[in-house]
Structure formats: C-alpha cells, structure tokens
Q: 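Before I ask anything, let me first share the structure, which is written out below as structure tokens.
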Amino acid sequence: MRYLLSIWFILLANAAWAQDDRCIAALNAAGEEIDVLCVGQEVTFKDCHDKADDDKEYYIFDYKGESPIPTPATTNKKHTYTAPGRYKVLQIANYGSNISTDTISKVFEVKAAPEPVFTSRSCASGAVSFTITDPVYDSYTFDFGDGTTEEADGSSTITHTYTSQGDFTVKLTGSYAGVSCSNTSTQTASTLPLLDEDNPTQIDKVTVLEQGENGSVQLELSKLVPGYSYVVEQFTGDFRELYREIYLIQNVTGGTLTQTISGVNTSEGTWYLVRPVDACGTVFRNTNVVSGISLNVQPDEQQVDLNWEYSPDFTAFEVYRNGTLLQTLPGSATSYTDTEVTCAQTYSYYVVGTGTDPQGDRYTSVSATLAAEVTSTLIPDAPYLLSSFNLNNQVELTLQLPEGEQLRMASIEKSINGATFRQQTQTQQTSVLDESMNGQPVCYRSTFTNLCGNTSPTSNVTCPVILAAEQRTDGSIDLTWSAFSGFPDGMGQYTVELLDESGSVVTSYPATGRSYTDVTLSKELPVLRYRIRATSQNGTGMSYSNLVEVEQQALVYIPSAFTPNGDGLNDVFEIKGKFYSGYTLRVYNRSGNVVYEGSEADAAWDGTQNGREIPAGAYAYEISFQTSFGTTKKRTGTITLLR
C-alpha cells in the first residue's frame with residue numbers, strides 16, 4: 001500500500017510518464033480477450049503486456065473521472081457487471097523504479113442478455129406465425145420443435161408450417177454479432193384443428209333482446225372449434241356489401257356458445273351468419289343463415305294486432321302471449337289478431353319462428369317481447385240483472401256482464417211501488433244486497449262501466465216476487481203474490497215452497513196464477529214458512545220471493561171431568577196438545593180460592609189440596625200458555641171432580 005499512498009503526488013509530478021504501449025485487456029472465462037462484456041458474465045482485467053506485477057496492479061471498475069483518484073482500489077482482477085451500460089475501468093500500476101506508478105483507463109460496453117420475447121399465432125393448415133416483440137439482439141434462431149430451424153433478424157414475422165397436428169415446443173435464441181452474450185426462451189405452439197367443411201358451425205337460435213336501431217341480439221351457436229375466431233355478420237341488402245361485420249367472437253374454448261351483441265340495428269327482420277377465421281385472417285365457410293324477426297304490436301278496438309317481418313325461410317311461427325303459446329301459424333304468416341283480450345289490460349307478446357337448414361339442422365328465431373295495453377271506444381252490450389230474496393228477506397241482485405267484459409263500476413237503480421227509478425248504489429261488485437225492504441213492490445235496473453271506461457245501456461228491469469199470507473178462521477192459509485219480471489225468455493212457472501226452521505224445503509206445490517190456499521196444514525211445524533219460486537220459460541232462470549211466516553193455532557186438549565178413584569182411568573186433571581211451548585194451570589173453588597197451581601213440569605192435579613181430598617163438584621180453571629211466536633194466551637173453563 002505504500003505505492004498507493006503516493007499516487008496523487010506521483011501523478012502530478014509524472015503525468016507525462018505514461019507510455020503508448022500500455023493498455024487494459026478484458027478476458028472471458030476461456031482466457032479470450034473481449035471488447036464487449038455481458039451482464040452476469042465474469043471477466044478478468046489485466047495489463048495487456050504484463051509489464052506490471054500482479055500485486056502492483058489496482059483496478060476501479062466503474063471510474064467516474066474523479067480527482068483525486070478514489071480509494072481504496074483493489075488488486076482483484078475479476079469482476080461481474082449486473083446492469084448494462086458503458087463503464088470506464090481505471091488501472092493503477094507500478095512499473096518499476098524508473099517510471100514508478102502510472103494509470104490508464106478504458107471504456108467497456110456491457111450488454112444485457114434478456115430472454116427474447118416472442119408471440120405465436122396459429123393459423124389453418126398447420127401454419128403458425130411467430131413475431132419477436134422486443135428485438136434487442138442482432139440475430140435470432142428459431143427451433144420449431146419439429147427438427148427444423150430458421151434464422152431471423154427480428155424485424156418481420158416468421159411463418160412456419162407444421163406437417164402434423166399437435167403441440168410443439170419452440171425455442172428462440174438471441175445473439176449479438178461478435179459478442180458471446182445470448183439467451184433463450186421457449187413456449188408451446190399448437191396447430192389449429194382442421195375444420196369440417198361438411199359439418200360447419202351452426203346458428204341454433206337468434207333472439208332479439210331489444211328491438212330498435214341501437215338494439216341487441218343474442219346468438220346461440222354450436223359446432224364451434226376452439227382456436228378460431230368467429231365473425232358475426234348481418235345482411236345489409238346493399239349489393240356493394242351484402243353482409244357487414246357486427247361482432248368478432250374470440251377466445252372460444254368450447255363447442256357451444258351464447259353471445260349477446262349490442263348496438264345492432266334490429267328494427268328490421270334480416271339474416272345473420274357467422275364465419276370462422278384464423279389468426280392469419282383466412283375466412284372459412286359460413287354457418288347456416290338465420291333471420292331475426294322484427295315484431296310490431298298495435299292495440300285496436302278491444303283487440304291486439306301483431307305484424308312481423310323476417311327474411312325467409314321459416315316453416316312455422318308460434319305466437320306467445322304472456323309467455324303462453326297462443327297460436328301456431330304456417331311459415332308464410334306475417335300477422336295475427338288477438339281478440340281474446342280485456343280492456344285496460346296489458347299483454348306481452350313475442351313470436352318464435354322455426355326452420356330447418358339444408359343440412360337438416362333445426363334453427364329457431366325469437367322476436368323481442370313487446371307489450372300492448374288494450375283500449376276500446378266500443379259501447380258494451382247491456383248487462384243482465386237478476387233479483388231474488390234470500391232467507392233473511394234481503395234482495396240479492398246479481399249482475400251478469402256480457403261475455404269478455406270486466407267491471408270497473410256498476411250503478412244500481414231502484415223503483416218502489418212504480419215510482420221513478422233512483423240510484424241506489426254504485427259498486428265494483430257483481431253481487432249486491434238490498435236490506436231496505438218494507439214489503440212494497442220493488443224493481444231494479446243497472447248499467448255498468450267496463451275497464452275501458454265505456455258505459456253500457458241500461459239492463460233489463462227485474463222485479464222480485466212479493467208474497468203475502470193470511471190465515472182463515474178454519475186455519476187454512478191464503479197466499480197471494482206479485483208477478484216476477486226480468487227473465488229474458490219470460491216467466492214460466494210459480495211454485496209454492498214450505499220450509500222448515502232450517503230453511504230446507506219440506507214440500508212444494510205448483511201454482512197456477514198468483515194465489516194458492518194451503519188447506520193441508522203441516523201437523524209437525526208450529527210455524528209455517530212459505531216462499532214462491534219463480535222459474536223462467538226454459539227452466540234455467542230462477543228467483544225466490546220473500547219468506548212469510550204463519551203461526552199455527554195452538555191445539556190444547558182440556559178434559560171436562562176426572563175421577564181420582566185409582567182405577568187408572570181419568571185419575572188426574574192434565575193438559576195435552578201441541579204448538580205451544582208451556583203452560584201454567586190454576587184451579588179455583590166456588591169461593592174463588594186457588595186449590596191447585598202447577599205447570600207442565602209438575603205432576604197433574606189429583607183432586608187434593610195440601611194432600612187432602614177435596615169434595616166432588618165443579619171447579620173453575622185458568623190456563624196460560626206460550627205460542628211458538630212467544631205470545632201468551634189464556635183459556636178458562638170448569639172441570640168436574642167426580643168421586
């Protein structure tokens with residue numbers, strides 16, 4: 001190190017001592033002198049002519065031209081550069097006692113040796129094109145993995161044709177001219193499968209998702225071959241360009257695919273086709289040609305008109321409403337009218353076309369789904385109104401609308417005893433109860449407004465039967481009633497019905513005219529419940545009158561005498577009968593004092609008072625009993641006690 005300590009002084013004093021025959025050499029691992037170094041390559045630096053002893057040579061491998069010369073330097077002659085660039089190497093050497101210490105420098109270029117980067121594109125017929133994407137080397141060598149190689153300068157694409165199908169390991173080596181720096185990279189290149197020209201790609205289904213000039217369409221494809229791209233084209237009708245590309249399907253990985261394409265003019269029904277294309281731009285045989293369907297849906301007078309446009313050919317069309325098949329039509333059809341619709345209702349429609357291509361494969365085309373709200377200005381027909389009493393003596397009004405109509409609002413009018421009709425109620429129901437009955441003749445009529453807001457003419461006038469009953473002194477019942485009005489085909493038959501307390505018919509009698517007398521009174525019913533059933537001419541229409549109730553007279557059997565002598569015949573005074581609910585019995589003596597008082601729940605009178613026999617003779621009695629209607633009635637008389 002004693003030499004190094006004096007370097008700065010020596011340089012100032014002996015700057016002119018440097019000799020022209022002194023130089024620096026860089027040697028590779030084989031001991032060969034090189035001028036261009038490689039990143040990562042170990043090189044050895046030395047005095048070109050070996051005039052300085054090894055232990056008197058010092059090196060700075062990246063000298064920046066500093067002054068004074070930086071220290072420490074090193075006697076290590078080997079160095080590896082880790083980054084590309086131009087590096088100045090400074091040698092400090094002692095050449096003996098005469099010259100003492102001197103320096104010399106040399107600039108070396110260090111080149112990088114990155115892995116060469118390249119891409120490959122597989123094309124039809126075994127062709128694969130290779131492109132070097134970052135050509136930093138002076139020359140390249142491709143090893144295509146099939147036993148063949150090719151030199152390249154990296155400026156243009158190289159195309160190699162493989163004679164067999166498969167995957168090949170391709171190796172690319174990059175080198176510099178006159179420099180030992182190089183590197184290699186590998187990747188797998190695959191040849192494209194061959195297309196079956198007799199079994200081309202198939203369009204199975206075309207669905208218009210959104211109809212319009214900037215609409216969208218969905219294609220369902222089959223028989224795709226991975227590795228190829230697929231150009232989707234739409235028919236233009238312009239002979240200068242019959243079909244134009246609307247989409248490119250890339251990165252196909254399977255044999256089937258569903259692809260949605262936006263920004264497409266779907267306002268017209270026109271053809272679509274798909275063409276396979278390889279990475280080299282070669283276009284192959286197209287698929288079958290399938291037309292989209294352009295649908296127009298227009299509401300009319302209580303109907304919806306459908307019209308559609310398409311390009312041939314379809315064998316059949318199916319019309320769907322609200323997702324349900326409505327009608328199947330031949331392939332020549334272009335329109336359909338739906339009349340089974342209701343005002344103010346919104347319906348959605350789409351049309352499905354089906355066909356078969358020349359290869360025998362079936363295809364389908366589905367239009368966009370469009371909605372229509374049904375409107376109409378047509379006046380609906382008049383409704384039919386039926387009136388009938390229920391068992392609670394309420395009038396039930398039933399409104400029957402014309403076929404296909406739906407109710408928005410009904411107006412019910414009422415006339416009492418022939419007076420002017422006045423509005424009774426407005427309702428959204430087709431069944432209404434009128435509870436405000438007072439026994440007077442009553443009639444009804446109605447109009448309705450349908451869902452389109454159109455009001456019908458007035459319905460028929462309907463008048464339910466009003467029944468009245470009167471009991472004669474002999475107990476028979478006279479029934480009279482008003483005429484029914486309202487059956488479309490006219491009145492047919494009146495029938496008298498007798499009902500029990502549960503409302504079930506016990507018996508019935510056909511009546512002629514509008515009156516009937518019941519003389520065969522029921523022996524079981526304390527209350528007689530009558531109503532009239534009115535039946536239309538054809539027997540299908542039916543209406544009931546109000547229900548009237550007639551209480552049967554109580555039947556009380558009272559003996560004139562009894563003999564409490566224990567012979568088992570007329571030993572007690574007891575009351576028998578029916579059509580009453582209970583009684584109270586009082587027996588009086590001649591002085592007007594009560595000698596017996598009891599009810600139906602007590603034992604009959606045996607002719608005693610407080611357990612003692614009373615004298616024979618005539619005694620007065622008073623009986624109080626409850627009728628079926630809950631009224632109290634009394635009977636008085638005398639009973640003879642015989643001993």
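Reckoned from all heavy atoms, side chains included, excluding hydrogens, waters and symmetry mates.
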Q: Would a distance-only check, ignoring hydrogens and angles, find a side-chain to backbone donor-acceptor pair under 3.5 Å from Ser311 to Gly269?
A: yes

Q: Return yes if some donor-acceptor pair links the side-chain N/O of Arg321 with the main-chain N/O of Leu326 below 3.5 Å, else return no.
A: no

Q: Checking Gln234 against Asn265: is there a side-chain donor and acceptor pair closer than 3.5 Å?
A: no

Q: Just wondering, more than 12 heavy atoms not from Glu213 lying within 6.0 Å of its CD?
A: no

Q: Quick one: closest heavy-atom pair of Pro402 and Asp381, and the distance?
A: CG-O, 3.2 Å

Q: Is the closest side-chain heavy-atom distance between Asn183 and Tyr137 below 4.5 Å?
A: yes

Q: Taking the six-membered ring for Trp, are the ring centroids of Tyr336 and Tyr349 within less than 6.0 Å of each other?
A: no

Q: Rounded to the nearest 0.5 Å, what separation is found between the CG atom of Asn214 and the OG atom of Ser267?
A: 10.5 Å

Q: Does the side chain of Val43 come within less than 4.5 Å of Gln41's, by heavy atoms?
A: yes

Q: Would a line drawn from the ring center of Phe45 to the ring center of Phe108 be shorter than 6.0 Å?
A: yes

Q: Test Thr377 against Glu301 for side chain to side chain donor-acceptor pair (under 3.5 Å), laying out the working first.
A: CA-CA 7 Å; Thr377 58; Glu301 288 288 347; 2.6 Å; yes

Q: Side chain to side chain donor-acceptor pair (under 3.5 Å), that's the test. Do Tyr347 and Gln345 meet it? Break it down for me.
A: CA-CA 7 Å; Tyr347 300 89; Gln345 297 296 306; 5.3 Å; no

Q: Compare every heavy atom of Gln202 with every heavy atom of Thr287, then report the nearest pair and how far apart it is.
A: CG2-N, 4.1 Å

Q: Quick one: sort the Trp271 and Phe235 rings into parallel, tilted or perpendicular, breaks at 30° and 60°.
A: perpendicular

Q: Out of Thr149, Asp143, Thr184, which residue meets the side-chain hydrogen bond (donor to acceptor under 3.5 Å, both in side chains) rule with Thr173?
A: Thr184

Q: Tell me if a side-chain donor or acceptor on Gln211 pairs with a main-chain N or O of Leu295 at a distance below 3.5 Å.
A: yes

Q: Can you tell me if Ser335 uses its side chain to pair, donor with acceptor, with the backbone of Leu306 under 3.5 Å?
A: no

Q: I need the minimum non-hydrogen distance between Val341 and Gln303, along with the two atoms involved.
A: CG2-CA, 3.7 Å

Q: Would you give the length of the straight line joining atom CD of Glu309 to atom OG of Ser367, rounded to the nearest 0.5 angstrom?
A: 12.0 Å

Q: Any chance you could lay out the side chain to side chain contact (heavy atoms under 4.5 Å, CB included) test for Val304 and Val374, step after step, and finish with the verdict?
A: CA-CA 7 Å; Val304 178; Val374 178; 3.8 Å; yes

Q: Walk me through whether Phe130 and Val170 qualify under side chain to side chain contact (heavy atoms under 4.5 Å, CB included).
A: CA-CA 10 Å; Phe130 301 93; Val170 178; 3.9 Å; yes

Q: Answer yes or no: is there a side-chain heavy-atom contact under 4.5 Å between Ile246 and Tyr272?
A: yes

Q: Taking side chain as C-beta onward, heavy atoms only, is Asp300 less than 4.5 Å from Gln298?
A: no

Q: Among side-chain atoms of Thr157 and Thr131, is any donor-acceptor pair under 3.5 angstrom?
A: yes

Q: Which atoms form the tightest heavy-atom contact between Gly174 and Pro116, and what is the distance?
A: N-CG, 4.1 Å

Q: Identify the two heavy atoms, one from Leu195 and one from Pro276, that lie closest to each other, and give their separation to 0.1 Å.
A: CD1-CB, 4.0 Å

Q: Determine whether the aromatic ring centres of residues Tyr81 and Phe61 are separated by less than 6.0 angstrom.
A: no

Q: Check whether any side-chain heavy atom of Ser365 sits under 4.5 Å from a side-chain heavy atom of Ser291, and report yes or no.
A: no

Q: Within the distance-only criterion (no hydrogens, no angle test), does the side chain of Tyr363 pair as donor or acceptor with the backbone N or O of Val289 below 3.5 angstrom?
A: no

Q: Please assess Asn322 against Thr324 for the test side chain to side chain donor-acceptor pair (under 3.5 Å), listing each intermediate value before the final yes or no.
A: CA-CA 6 Å; Asn322 295 343; Thr324 301; over 6 Å; no

Q: Counting only N and O atoms by type, is there a donor-acceptor contact under 3.5 Å from the side chain of Ser376 to the main-chain atoms of Leu378?
A: yes

Q: Could you walk me through whether Lys77 and Asp47 satisfy the salt bridge (charged side-chain N to carboxylate O under 4.0 Å, His left out) test, starting with their C-alpha distance in whole Å, then the side-chain angles of each, then the deciding distance to 0.1 Å, before giving a yes or no?
A: CA-CA 10 Å; Lys77 312 298 189 295; Asp47 172 27; over 6 Å; no

Q: Can you confirm whether Gln429 is buried at CD, in the sense that more than 12 heavy atoms of other residues, nucleotides or ligands lie under 6.0 Å from that atom?
A: no

Q: Give, for atom CD1 of Ile60 and atom CD of Gln91, the distance between the pair rounded to the nearest 0.5 Å.
A: 11.5 Å

Q: Could you walk me through whether Glu57 and Lys46 pass salt bridge (charged side-chain N to carboxylate O under 4.0 Å, His left out), step by step?
A: CA-CA 8 Å; Glu57 285 183 40; Lys46 65 182 292 294; over 6 Å; no

Q: Give the C-alpha distance, both sets of side-chain angles, the deciding distance and a yes or no for side chain to side chain contact (heavy atoms under 4.5 Å, CB included) between Val206 and Leu219.
A: CA-CA 5 Å; Val206 174; Leu219 303 182; 3.6 Å; yes

Q: Flag the pair Lys223 and Asp204 as a salt bridge only when some basic side-chain nitrogen lies within less than 4.0 angstrom of an acidic carboxylate oxygen.
A: no

Q: Between atom CD1 of Ile158 and atom CG of Asp153, what is the distance when rounded to the nearest 0.5 Å?
A: 7.5 Å

Q: Set out, in order, the CA-CA distance, both residues' side-chain angles and the distance that settles side chain to side chain contact (heavy atoms under 4.5 Å, CB included) for Phe142 and Ile132, then state yes or no.
A: CA-CA 10 Å; Phe142 278 101; Ile132 299 170; 4.0 Å; yes

Q: Using atom types as modelled and distance alone, determine if a side-chain donor or acceptor of Asn296 lies under 3.5 Å from a backbone N or O of Asn307.
A: no

Q: Between Thr258 and Gln218, is any pair of side-chain heavy atoms under 4.5 Å apart?
A: yes

Q: Tell me, with the steps shown, if Tyr140 and Phe118 meet ring-ring contact (aromatic ring centres under 6.0 Å, His included).
A: CA-CA 11 Å; Tyr140 295 88; Phe118 68 103; 9.5 Å; no

Q: Determine whether Val283 and Val231 make a side-chain contact, defined as any pair of heavy atoms from C-beta on separated by less than 4.5 Å.
A: no

Q: Short question: side chain of Asn450, backbone of Glu405 - any donor-acceptor pair under 3.5 Å?
A: no

Q: What's the separation between atom CD in Gln428 and atom OG1 in Thr449, rounded to the nearest 0.5 Å?
A: 11.0 Å

Q: Do Thr191 and Gln165 have side-chain N/O donor and acceptor atoms under 3.5 Å apart?
A: yes

Q: Quick one, Thr315 and Thr354 - any side-chain contact, counting heavy atoms below 4.5 Å?
A: yes

Q: Between the side chains of Glu151 and Thr141, does any donor sit under 3.5 Å from an acceptor?
A: yes

Q: Rounded to the nearest 0.5 Å, what separates atom CD in Glu115 from atom OG in Ser185?
A: 5.5 Å

Q: Flag yes if more than 12 heavy atoms outside Gln259 fall under 6.0 Å of its CD atom; otherwise flag no.
A: yes

Q: Other residues, nucleotides and ligands only: do more than 12 of their heavy atoms fall within 6.0 Å of CD on Glu340?
A: no

Q: Tell me the closest heavy-atom pair linking Ala25 and Cys48, and the distance in Å.
A: N-SG, 3.7 Å

